[in-house]
Amino acid sequence: MAYYNSSIPTTGGPNDPQPPQLSPEQWAHAYRQFQYQLNPQLPTPPPPPHLPLPGPVIDPALQPSQDTSTDQRLDALEREVELLRAEKRTNPETPAGPSKKRRKKQQKPSLYILRHSTGLSKEQNRVRGQLMKKVKTEGMRLTGRTTEPDSEADDESDSPTTRTPHPVMSYNFAATVEDPINVKIFNRIADLIWTEQHDPKSATFSLAHADVLFTREDLVEFAKTNFRSWKTKWRGKNDPEVAQRQAKAAQKDRQDLRKKELKANRIKAVPEYKKKFKHDPICVLETDWMSDEISGPDTDDEDTKADHRRRLVKAARLGPLQQNDDVWEVVRPGFQSLEMSQTKDDLDKIVKEQRDNKPKRVRGRVTRISFGNTHDRLPAGTIYPFMLSQSWYDEHIEGNEELENEMKMYTKDPKGFGDS
DNA sequence: AACGCTAGCAGGAATGAATG
DNA sequence: CATTCATTCCTGCTAGCGTT
(Lines give C-alpha, C1' and ligand atoms only; values in the text may rest on other atoms or scores of the structure.)
Protein backbone atom coordinates (compact mmCIF):
# COMPACT_ATOMS: atom_id res chain seq x y z
CA MET A 1 0.00 0.00 0.00
CA ALA A 2 2.10 2.83 1.25
CA TYR A 3 5.24 2.58 -0.75
CA TYR A 4 7.55 3.51 2.04
CA ASN A 5 6.69 0.41 3.94
CA SER A 6 8.24 -1.82 1.39
CA SER A 7 11.68 -0.33 1.33
CA ILE A 8 12.32 0.56 4.89
CA PRO A 9 11.89 -1.40 8.07
CA THR A 10 9.11 0.12 10.04
CA THR A 11 7.74 -0.55 13.44
CA GLY A 12 4.85 -2.26 11.79
CA GLY A 13 2.29 0.29 10.85
CA PRO A 14 -1.40 -0.44 11.07
CA ASN A 15 -1.60 -0.86 7.34
CA ASP A 16 1.00 -3.52 6.89
CA PRO A 17 -0.48 -6.44 5.07
CA GLN A 18 -0.07 -9.65 6.98
CA PRO A 19 0.53 -12.89 5.23
CA PRO A 20 -2.21 -15.27 6.24
CA GLN A 21 -1.12 -17.83 8.76
CA LEU A 22 -2.95 -20.75 10.14
CA SER A 23 -3.17 -21.06 13.85
CA PRO A 24 -3.05 -24.42 15.54
CA GLU A 25 -6.75 -24.14 16.05
CA GLN A 26 -7.30 -23.69 12.40
CA TRP A 27 -5.18 -26.70 11.65
CA ALA A 28 -7.26 -28.68 14.01
CA HIS A 29 -10.35 -27.34 12.45
CA ALA A 30 -9.18 -28.28 9.00
CA TYR A 31 -8.34 -31.74 10.21
CA ARG A 32 -11.66 -32.14 11.81
CA GLN A 33 -13.57 -31.07 8.82
CA PHE A 34 -11.57 -33.46 6.75
CA GLN A 35 -12.63 -36.27 8.99
CA TYR A 36 -16.16 -35.27 8.51
CA GLN A 37 -15.81 -35.11 4.78
CA LEU A 38 -14.62 -38.65 4.85
CA ASN A 39 -17.40 -39.82 7.01
CA PRO A 40 -20.47 -37.69 6.66
CA GLN A 41 -22.51 -40.19 8.54
CA LEU A 42 -21.18 -38.50 11.57
CA PRO A 43 -23.97 -36.02 11.64
CA THR A 44 -22.14 -33.58 13.80
CA PRO A 45 -18.76 -33.14 15.22
CA PRO A 46 -19.42 -34.84 18.46
CA PRO A 47 -18.49 -33.20 21.70
CA PRO A 48 -15.05 -34.24 22.80
CA PRO A 49 -15.36 -37.35 24.87
CA HIS A 50 -16.08 -39.86 22.21
CA LEU A 51 -14.95 -39.32 18.72
CA PRO A 52 -14.95 -42.52 16.78
CA LEU A 53 -11.79 -42.59 14.81
CA PRO A 54 -11.72 -42.24 11.12
CA GLY A 55 -11.91 -45.96 11.13
CA PRO A 56 -12.77 -47.53 7.83
CA VAL A 57 -12.30 -44.66 5.51
CA ILE A 58 -14.80 -44.23 2.79
CA ASP A 59 -13.41 -43.57 -0.60
CA PRO A 60 -14.34 -39.98 -1.37
CA ALA A 61 -15.14 -41.03 -4.89
CA LEU A 62 -18.03 -43.04 -3.55
CA GLN A 63 -19.67 -40.09 -1.98
CA PRO A 64 -22.76 -38.50 -3.40
CA SER A 65 -21.77 -36.28 -6.22
CA GLN A 66 -19.88 -33.23 -5.17
CA ASP A 67 -19.23 -30.19 -7.21
CA THR A 68 -15.72 -29.31 -8.19
CA SER A 69 -15.28 -26.62 -5.63
CA THR A 70 -15.97 -29.10 -2.91
CA ASP A 71 -13.51 -31.45 -4.49
CA GLN A 72 -10.94 -28.75 -4.60
CA ARG A 73 -11.52 -27.93 -1.02
CA LEU A 74 -11.19 -31.53 -0.14
CA ASP A 75 -7.91 -31.68 -1.91
CA ALA A 76 -6.70 -28.67 -0.02
CA LEU A 77 -7.80 -30.20 3.21
CA GLU A 78 -6.03 -33.39 2.40
CA ARG A 79 -2.86 -31.49 1.89
CA GLU A 80 -3.35 -29.67 5.15
CA VAL A 81 -3.86 -32.86 7.02
CA GLU A 82 -0.74 -34.28 5.45
CA LEU A 83 1.14 -31.27 6.72
CA LEU A 84 -0.43 -31.66 10.10
CA ARG A 85 0.78 -35.21 10.30
CA ALA A 86 4.21 -34.26 9.12
CA GLU A 87 4.37 -31.69 11.82
CA LYS A 88 3.35 -34.25 14.32
CA ARG A 89 6.00 -36.66 13.19
CA THR A 90 8.68 -34.10 13.82
CA ASN A 91 7.29 -33.27 17.19
CA PRO A 92 9.32 -35.18 19.74
CA GLU A 93 6.80 -34.65 22.47
CA THR A 94 4.30 -37.03 20.99
CA PRO A 95 6.03 -40.28 20.36
CA ALA A 96 4.13 -42.75 18.35
CA GLY A 97 2.66 -45.17 20.75
CA PRO A 98 -0.59 -46.79 21.54
CA SER A 99 -2.56 -44.00 20.11
CA LYS A 100 -5.44 -43.60 22.48
CA LYS A 101 -3.84 -40.87 24.50
CA ARG A 102 -2.49 -39.14 21.51
CA ARG A 103 -5.87 -38.87 20.00
CA LYS A 104 -7.42 -37.36 23.01
CA LYS A 105 -4.83 -34.65 23.01
CA GLN A 106 -5.46 -33.97 19.41
CA GLN A 107 -9.15 -33.55 19.83
CA LYS A 108 -9.05 -31.03 22.54
CA PRO A 109 -8.56 -27.92 20.46
CA SER A 110 -11.33 -28.92 18.13
CA LEU A 111 -13.94 -28.27 20.76
CA TYR A 112 -14.74 -25.31 18.60
CA ILE A 113 -15.02 -24.87 14.90
CA LEU A 114 -16.56 -21.49 14.31
CA ARG A 115 -15.44 -19.79 17.47
CA HIS A 116 -12.92 -17.51 15.73
CA SER A 117 -13.61 -15.90 12.43
CA THR A 118 -10.10 -15.75 11.07
CA GLY A 119 -9.34 -18.36 8.50
CA LEU A 120 -12.92 -19.40 7.97
CA SER A 121 -14.34 -19.74 4.52
CA LYS A 122 -17.00 -17.43 3.23
CA GLU A 123 -19.67 -20.01 3.85
CA GLN A 124 -18.47 -20.66 7.34
CA ASN A 125 -18.48 -17.00 8.16
CA ARG A 126 -21.97 -16.65 6.82
CA VAL A 127 -23.25 -19.46 8.99
CA ARG A 128 -21.24 -18.16 11.89
CA GLY A 129 -22.99 -14.83 11.62
CA GLN A 130 -26.36 -16.51 11.41
CA LEU A 131 -25.70 -18.58 14.48
CA MET A 132 -24.48 -15.61 16.47
CA LYS A 133 -27.60 -13.74 15.56
CA LYS A 134 -29.77 -16.63 16.63
CA VAL A 135 -27.90 -16.93 19.89
CA LYS A 136 -28.39 -13.27 20.54
CA THR A 137 -32.07 -13.32 19.70
CA GLU A 138 -32.60 -16.34 21.86
CA GLY A 139 -30.69 -14.72 24.68
CA MET A 140 -32.84 -11.64 24.48
CA ARG A 141 -36.02 -13.65 24.45
CA LEU A 142 -34.94 -15.82 27.32
CA THR A 143 -33.77 -13.03 29.57
CA GLY A 144 -36.57 -10.69 28.63
CA ARG A 145 -34.26 -8.16 27.13
CA THR A 146 -35.47 -5.84 24.50
CA THR A 147 -33.24 -3.90 22.19
CA GLU A 148 -33.73 -1.03 24.56
CA PRO A 149 -31.72 -1.72 27.65
CA ASP A 150 -34.14 -1.45 30.49
CA SER A 151 -33.22 1.39 32.70
CA GLU A 152 -33.85 0.09 36.17
CA ALA A 153 -31.64 -2.75 37.19
CA ASP A 154 -32.56 -3.14 40.83
CA ASP A 155 -36.18 -2.19 40.62
CA GLU A 156 -38.44 -5.18 40.18
CA SER A 157 -41.81 -3.50 40.00
CA ASP A 158 -41.06 -1.60 36.88
CA SER A 159 -43.39 0.19 34.57
CA PRO A 160 -46.05 -1.84 32.84
CA THR A 161 -43.99 -2.58 29.76
CA THR A 162 -45.83 -5.55 28.45
CA ARG A 163 -43.10 -8.01 27.91
CA THR A 164 -43.24 -11.60 26.96
CA PRO A 165 -44.97 -13.40 29.78
CA HIS A 166 -42.29 -16.01 29.44
CA PRO A 167 -40.54 -17.64 32.30
CA VAL A 168 -37.89 -15.01 32.14
CA MET A 169 -34.40 -15.82 33.27
CA SER A 170 -32.07 -13.06 34.24
CA TYR A 171 -28.37 -12.87 33.75
CA ASN A 172 -26.33 -12.13 36.79
CA PHE A 173 -24.31 -9.25 35.44
CA ALA A 174 -22.56 -8.73 38.71
CA ALA A 175 -20.90 -12.09 38.22
CA THR A 176 -18.69 -13.55 35.56
CA VAL A 177 -19.38 -15.94 32.81
CA GLU A 178 -18.87 -18.82 35.19
CA ASP A 179 -21.68 -17.96 37.52
CA PRO A 180 -24.03 -20.97 37.75
CA ILE A 181 -27.04 -18.93 36.78
CA ASN A 182 -25.31 -17.55 33.75
CA VAL A 183 -23.96 -20.94 32.78
CA LYS A 184 -27.46 -22.28 32.95
CA ILE A 185 -28.68 -19.67 30.53
CA PHE A 186 -25.81 -20.25 28.15
CA ASN A 187 -26.62 -23.93 28.08
CA ARG A 188 -30.28 -23.32 27.59
CA ILE A 189 -29.57 -21.09 24.61
CA ALA A 190 -27.04 -23.46 23.14
CA ASP A 191 -29.33 -26.46 23.55
CA LEU A 192 -32.21 -24.73 21.88
CA ILE A 193 -30.27 -23.67 18.85
CA TRP A 194 -28.33 -26.85 18.68
CA THR A 195 -31.54 -28.84 18.56
CA GLU A 196 -32.93 -26.54 15.96
CA GLN A 197 -29.96 -26.29 13.64
CA HIS A 198 -27.58 -29.17 13.99
CA ASP A 199 -29.43 -31.50 11.66
CA PRO A 200 -29.83 -30.17 8.12
CA LYS A 201 -32.67 -32.56 7.55
CA SER A 202 -34.79 -31.33 10.37
CA ALA A 203 -37.68 -29.01 9.67
CA THR A 204 -36.34 -26.27 11.89
CA PHE A 205 -33.03 -26.06 10.11
CA SER A 206 -32.53 -22.64 8.56
CA LEU A 207 -28.85 -22.06 7.98
CA ALA A 208 -27.46 -20.93 4.67
CA HIS A 209 -25.07 -23.81 4.18
CA ALA A 210 -25.91 -27.27 5.34
CA ASP A 211 -22.37 -28.53 5.00
CA VAL A 212 -20.83 -26.07 7.42
CA LEU A 213 -20.09 -27.68 10.72
CA PHE A 214 -20.21 -26.25 14.17
CA THR A 215 -20.26 -27.52 17.71
CA ARG A 216 -22.49 -26.94 20.64
CA GLU A 217 -19.48 -25.40 22.33
CA ASP A 218 -19.40 -22.78 19.61
CA LEU A 219 -22.89 -21.77 20.56
CA VAL A 220 -22.06 -21.56 24.23
CA GLU A 221 -19.11 -19.41 23.34
CA PHE A 222 -21.27 -17.06 21.30
CA ALA A 223 -23.65 -16.76 24.21
CA LYS A 224 -20.76 -15.89 26.50
CA THR A 225 -19.50 -13.22 24.17
CA ASN A 226 -22.96 -11.79 24.09
CA PHE A 227 -23.17 -11.81 27.83
CA ARG A 228 -19.87 -10.02 28.16
CA SER A 229 -20.93 -7.28 25.86
CA TRP A 230 -24.20 -6.82 27.74
CA LYS A 231 -22.33 -6.85 31.00
CA THR A 232 -20.08 -4.05 29.81
CA LYS A 233 -23.14 -1.99 29.10
CA TRP A 234 -24.67 -2.86 32.42
CA ARG A 235 -21.53 -1.86 34.25
CA GLY A 236 -21.50 1.45 32.47
CA LYS A 237 -24.94 2.15 33.84
CA ASN A 238 -24.30 0.98 37.36
CA ASP A 239 -20.78 2.05 38.10
CA PRO A 240 -20.05 5.75 37.73
CA GLU A 241 -16.36 5.09 37.51
CA VAL A 242 -16.85 2.72 34.63
CA ALA A 243 -19.26 5.16 33.05
CA GLN A 244 -16.61 7.81 33.11
CA ARG A 245 -14.04 5.51 31.62
CA GLN A 246 -16.38 4.52 28.86
CA ALA A 247 -17.30 8.09 28.09
CA LYS A 248 -13.67 8.91 27.75
CA ALA A 249 -13.07 5.98 25.46
CA ALA A 250 -16.04 6.98 23.35
CA GLN A 251 -14.66 10.45 23.00
CA LYS A 252 -11.29 9.19 21.93
CA ASP A 253 -12.99 6.91 19.49
CA ARG A 254 -14.87 9.81 17.96
CA GLN A 255 -11.65 11.76 17.77
CA ASP A 256 -9.87 8.98 15.95
CA LEU A 257 -12.78 8.65 13.60
CA ARG A 258 -12.53 12.30 12.65
CA LYS A 259 -8.86 11.86 11.94
CA LYS A 260 -9.64 8.95 9.72
CA GLU A 261 -12.20 10.94 7.81
CA LEU A 262 -9.79 13.79 7.41
CA LYS A 263 -7.26 11.42 6.01
CA ALA A 264 -9.77 9.83 3.65
CA ASN A 265 -10.72 13.22 2.25
CA ARG A 266 -7.13 14.14 1.68
CA ILE A 267 -6.43 10.87 -0.03
CA LYS A 268 -9.09 11.71 -2.58
CA ALA A 269 -7.10 14.80 -3.47
CA VAL A 270 -3.86 12.91 -4.06
CA PRO A 271 -4.18 12.37 -7.83
CA GLU A 272 -4.79 16.05 -8.42
CA TYR A 273 -1.93 16.93 -6.11
CA LYS A 274 0.45 14.70 -8.03
CA LYS A 275 -0.49 16.39 -11.27
CA LYS A 276 0.22 19.76 -9.75
CA PHE A 277 3.35 19.08 -7.72
CA LYS A 278 4.88 16.11 -9.49
CA HIS A 279 5.47 14.10 -6.38
CA ASP A 280 3.50 11.83 -4.10
CA PRO A 281 2.15 13.28 -0.84
CA ILE A 282 0.84 9.98 0.44
CA CYS A 283 3.70 9.67 2.93
CA VAL A 284 2.15 12.48 4.93
CA LEU A 285 -1.23 10.85 5.28
CA GLU A 286 -0.88 8.71 8.38
CA THR A 287 -4.02 8.79 10.50
CA ASP A 288 -2.19 9.68 13.67
CA TRP A 289 -0.57 12.69 12.04
CA MET A 290 -3.83 14.34 11.09
CA SER A 291 -4.97 17.27 13.18
CA ASP A 292 -7.24 16.82 16.16
CA GLU A 293 -10.72 18.17 15.71
CA ILE A 294 -12.00 18.73 19.21
CA SER A 295 -15.31 19.95 20.57
CA GLY A 296 -13.81 21.01 23.83
CA PRO A 297 -10.68 20.99 25.94
CA ASP A 298 -9.71 17.85 27.78
CA THR A 299 -10.56 18.98 31.29
CA ASP A 300 -13.20 18.63 33.95
CA ASP A 301 -13.29 22.31 34.66
CA GLU A 302 -16.67 23.59 33.55
CA ASP A 303 -15.57 27.21 33.32
CA THR A 304 -12.70 26.39 31.02
CA LYS A 305 -15.01 24.38 28.82
CA ALA A 306 -17.66 27.07 28.70
CA ASP A 307 -15.10 29.69 27.88
CA HIS A 308 -13.67 27.56 25.11
CA ARG A 309 -17.10 27.07 23.65
CA ARG A 310 -17.77 30.79 23.78
CA ARG A 311 -14.61 31.50 21.85
CA LEU A 312 -15.46 28.88 19.25
CA VAL A 313 -18.96 30.21 18.74
CA LYS A 314 -17.64 33.70 18.36
CA ALA A 315 -14.97 32.72 15.88
CA ALA A 316 -17.45 30.68 13.87
CA ARG A 317 -19.81 33.67 13.68
CA LEU A 318 -22.81 31.54 14.33
CA GLY A 319 -26.14 33.14 13.60
CA PRO A 320 -28.79 33.43 16.27
CA LEU A 321 -30.42 30.21 15.15
CA GLN A 322 -27.21 28.23 15.13
CA GLN A 323 -25.98 28.89 18.60
CA ASN A 324 -26.10 25.23 19.43
CA ASP A 325 -24.39 23.93 16.33
CA ASP A 326 -21.24 21.93 16.58
CA VAL A 327 -18.00 23.79 16.19
CA TRP A 328 -14.67 22.06 16.34
CA GLU A 329 -11.28 23.42 17.06
CA VAL A 330 -8.49 22.22 14.84
CA VAL A 331 -5.39 21.38 16.83
CA ARG A 332 -2.42 20.53 14.68
CA PRO A 333 0.45 18.28 15.69
CA GLY A 334 3.26 20.30 17.18
CA PHE A 335 5.98 18.05 15.84
CA GLN A 336 5.29 18.75 12.24
CA SER A 337 7.47 20.97 10.10
CA LEU A 338 6.28 23.76 7.90
CA GLU A 339 6.82 21.60 4.88
CA MET A 340 4.55 18.93 6.25
CA SER A 341 1.74 21.25 7.23
CA GLN A 342 2.08 23.01 3.89
CA THR A 343 1.66 19.71 2.11
CA LYS A 344 -1.53 19.04 4.02
CA ASP A 345 -2.75 22.56 3.34
CA ASP A 346 -2.16 22.06 -0.36
CA LEU A 347 -4.16 18.87 -0.23
CA ASP A 348 -6.97 20.59 1.64
CA LYS A 349 -7.09 23.29 -0.97
CA ILE A 350 -7.71 20.66 -3.61
CA VAL A 351 -10.31 18.99 -1.42
CA LYS A 352 -12.11 22.29 -1.13
CA GLU A 353 -11.97 22.99 -4.85
CA GLN A 354 -13.35 19.57 -5.61
CA ARG A 355 -16.15 20.07 -3.14
CA ASP A 356 -17.04 23.46 -4.55
CA ASN A 357 -17.12 22.11 -8.07
CA LYS A 358 -19.55 19.39 -7.29
CA PRO A 359 -23.24 20.15 -7.27
CA LYS A 360 -24.01 21.02 -3.69
CA ARG A 361 -25.94 18.16 -2.41
CA VAL A 362 -24.58 17.78 1.01
CA ARG A 363 -25.54 18.84 4.41
CA GLY A 364 -23.52 21.62 5.93
CA ARG A 365 -20.29 20.55 7.44
CA VAL A 366 -19.32 21.29 10.98
CA THR A 367 -17.41 24.53 11.18
CA ARG A 368 -13.74 24.11 12.00
CA ILE A 369 -11.88 26.84 13.77
CA SER A 370 -8.18 27.20 14.31
CA PHE A 371 -6.72 29.22 17.12
CA GLY A 372 -3.28 28.14 16.05
CA ASN A 373 -2.99 25.72 18.93
CA THR A 374 -0.89 22.61 18.64
CA HIS A 375 -0.53 19.44 20.66
CA ASP A 376 2.77 17.95 21.76
CA ARG A 377 2.14 14.25 21.44
CA LEU A 378 4.88 12.29 19.78
CA PRO A 379 4.15 11.07 16.28
CA ALA A 380 3.09 7.46 16.12
CA GLY A 381 5.17 5.27 13.87
CA THR A 382 8.18 6.42 11.96
CA ILE A 383 8.38 9.83 10.36
CA TYR A 384 10.59 11.21 7.63
CA PRO A 385 13.22 13.80 8.41
CA PHE A 386 11.44 16.52 6.46
CA MET A 387 8.37 16.17 8.66
CA LEU A 388 10.06 17.18 11.88
CA SER A 389 10.10 20.70 13.21
CA GLN A 390 13.58 21.29 14.52
CA SER A 391 12.48 23.87 17.04
CA TRP A 392 9.80 21.57 18.43
CA TYR A 393 12.33 18.79 18.75
CA ASP A 394 14.80 21.01 20.54
CA GLU A 395 12.19 22.15 22.96
CA HIS A 396 10.42 18.89 23.75
CA ILE A 397 12.70 16.00 22.96
CA GLU A 398 16.32 17.06 22.95
CA GLY A 399 18.06 15.95 26.09
CA ASN A 400 15.35 13.59 27.27
CA GLU A 401 16.81 10.23 26.54
CA GLU A 402 13.58 8.33 26.86
CA LEU A 403 11.76 10.54 24.43
CA GLU A 404 14.69 10.60 22.08
CA ASN A 405 14.52 6.85 21.87
CA GLU A 406 10.82 6.92 21.33
CA MET A 407 11.03 9.15 18.30
CA LYS A 408 11.53 7.03 15.23
CA MET A 409 12.74 8.51 12.00
CA TYR A 410 13.84 7.25 8.63
CA THR A 411 17.21 8.37 7.38
CA LYS A 412 16.13 9.42 3.93
CA ASP A 413 13.32 11.61 2.73
CA PRO A 414 10.97 10.39 0.04
CA LYS A 415 11.28 11.81 -3.45
CA GLY A 416 10.09 15.37 -3.75
CA PHE A 417 10.44 16.20 -0.07
CA GLY A 418 13.24 17.60 2.02
CA ASP A 419 16.46 17.82 0.07
CA SER A 420 15.65 15.07 -2.33
C1' DA B 1 -6.76 -22.27 28.09
C1' DA B 2 -10.06 -19.24 29.54
C1' DC B 3 -11.22 -14.74 31.33
C1' DG B 4 -12.09 -9.64 31.29
C1' DC B 5 -11.11 -5.50 29.13
C1' DT B 6 -10.42 -2.33 25.42
C1' DA B 7 -8.98 -0.14 20.97
C1' DG B 8 -10.17 -0.18 16.45
C1' DC B 9 -12.99 -1.18 12.82
C1' DA B 10 -16.96 -2.06 9.54
C1' DG B 11 -21.42 -1.35 8.53
C1' DG B 12 -25.20 1.02 8.93
C1' DA B 13 -28.37 4.58 11.04
C1' DA B 14 -29.41 9.25 11.26
C1' DT B 15 -29.20 13.72 9.49
C1' DG B 16 -29.71 17.48 6.30
C1' DA B 17 -29.79 19.43 1.88
C1' DA B 18 -30.34 19.43 -3.14
C1' DT B 19 -32.72 17.33 -6.86
C1' DG B 20 -36.25 15.08 -9.85
C1' DC C 1 -42.74 14.27 -1.74
C1' DA C 2 -39.43 10.66 -2.47
C1' DT C 3 -34.80 10.07 -3.80
C1' DT C 4 -30.03 10.61 -3.60
C1' DC C 5 -25.89 11.75 -1.62
C1' DA C 6 -22.13 13.24 1.79
C1' DT C 7 -21.18 13.72 6.44
C1' DT C 8 -21.20 12.37 11.08
C1' DC C 9 -21.85 9.21 14.63
C1' DC C 10 -23.34 4.86 16.87
C1' DT C 11 -23.42 -0.18 17.61
C1' DG C 12 -21.69 -4.46 17.81
C1' DC C 13 -17.94 -7.52 16.70
C1' DT C 14 -13.07 -8.85 16.76
C1' DA C 15 -8.34 -9.23 17.86
C1' DG C 16 -5.00 -8.56 21.08
C1' DC C 17 -3.34 -7.82 25.66
C1' DG C 18 -2.48 -8.86 30.39
C1' DT C 19 -4.18 -11.97 34.20
C1' DT C 20 -5.57 -15.95 36.43
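In what follows, chains are A, B, ... by sequence order, proteins preceding strands, each numbered from 1.
- Side-chain N or O atoms of Asp239(A) include none that pairs as donor or acceptor with a backbone N or O of Arg235(A) at under 3.5 Å.
- Taking atom CG of Asn182(A) as the reference point, atom P of dG4(B) lies 10 Å away to the nearest angstrom.
- A donor-acceptor pair under 3.5 Å links the side-chain atoms of Asp218(A) to the main chain of Arg115(A), judged by distance alone.
- The side chain of Arg365(A) contributes no N or O atom lying less than 4.0 Å from OP1 or OP2 of dG16(B).
- For the OP1/OP2 pair of dA15(C) and a distance below 4.0 Å, the side-chain nitrogens and oxygens of Ser117(A) include at least one atom meeting the criterion.
- Residue Trp328(A) places its side chain closer to dC9(C) than to any other of dC5(B), dC9(C), dC13(C).
- Within the 3.5 Å criterion, the main-chain N or O of Phe205(A) finds no donor-acceptor partner in the side chain of Asp199(A).
- Other residues, nucleotides and ligands contribute at most 12 non-hydrogen atoms within 6.0 Å of the CD atom of Glu401(A).
- Under the 4.5 Å side-chain criterion, counting only non-hydrogen atoms from C-beta, Met132(A) is not in contact with Val135(A).
- The 12-atom threshold is exceeded at NZ of Lys276(A), counting heavy atoms of other residues, nucleotides or ligands nearer than 6.0 Å.
- With rounding to the nearest 0.5 Å, the separation of CZ in Arg332(A) from CE in Met340(A) is 9.0 Å.
- Residue Glu221(A) has its side chain nearest to dC3(B) when only dT14(C), dC9(C), dC3(B) are considered.
- Surrounding CD of Gln244(A) are at most 12 heavy atoms belonging to other residues, nucleotides or ligands under 6.0 Å away.
- Rounded to whole Å, the distance from CZ on Arg245(A) to P on dT6(B) is 4 Å.
- Asp253(A) places its CG atom 18 Å from the P atom of dC5(B), with the value rounded to the nearest Å.
- Contact annotation: Lys260(A) side-chain N/O to dG8(B) OP1/OP2 distance is not under 4.0 Å.
- Atom NZ in Lys231(A) sits 9.5 Å away from atom CZ in Phe173(A) (nearest 0.5 Å).
- Side-chain atoms of Thr287(A) do not come within 3.5 Å of backbone N or O of Lys259(A) as any donor-acceptor pair.
- Remark: Lys224(A) is in phosphate contact with dC3(B), judged by side-chain N or O atoms under 4.0 Å from OP1 or OP2.
- Of the listed nucleotides (dC13(C), dT14(C), dC9(C)), dC13(C) has the atom at the smallest distance from the side chain of Lys136(A).
- Although no hydrogens or angles enter the test, the distance criterion places no donor-acceptor pair under 3.5 Å between the side chain of Asn172(A) and the main chain of Ile181(A).
- For dG12(C), the OP1/OP2 oxygens have no side-chain nitrogen or oxygen of Arg228(A) closer than 4.0 Å.
- Listed pair Arg254(A) / dC10(C) meets the phosphate criterion, a side-chain N or O lying under 4.0 Å from OP1 or OP2.
- Taking a 4.0 Å limit (strictly below) on heavy-atom distances, residues 343-352 of chain A does not reach DNA chain B anywhere.
- Ring geometry for His198(A) versus Trp194(A): interplanar angle under 30°, hence parallel rather than tilted (30 to 60°).
- Look at CZ on Arg368(A): it is 9 Å from C1' on dT8(C), rounded to the nearest Å.
- Listed pair Lys233(A) / dG12(C) meets the phosphate criterion, a side-chain N or O lying under 4.0 Å from OP1 or OP2.
- The distance between atom CD of Gln251(A) and atom P of dC9(C), rounded to the nearest whole Å, is 12 Å.
- Lys184(A) places no side-chain N or O within 3.5 Å of a backbone atom of Met169(A) that could act as its donor or acceptor partner.
- Closest contact between the side chain of Lys268(A) and the listed nucleotides dT7(C), dC13(C), dC3(B) involves dT7(C).
- Distance Arg258(A) CZ to dA7(B) C1': 18 Å, rounded to the nearest Å.
- Among dC9(C), dA15(C), dT7(C), the nucleotide with an atom closest to any side-chain atom of Glu261(A) is dC9(C).
- Atom NZ of Lys231(A) and atom C1' of dG4(B) are 7 Å apart (whole Å).
- Rounded to whole Å, the distance from CG on Leu257(A) to P on dG8(B) is 11 Å.
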| task | Represent DNA chain B in dot-bracket notation, 5' to 3'. Only Watson-Crick or G-U wobble pairs with both distances under 3.5 Å count; pseudoknot-style crossings use [ ] and interstrand partners use |. | result | ||||||||||||||||||||
Output one line per pair: protein atom, nucleotide atom from nucleotides 17-20 of chain C, and distance, for all N/O pairs under 3.5 Å.
none

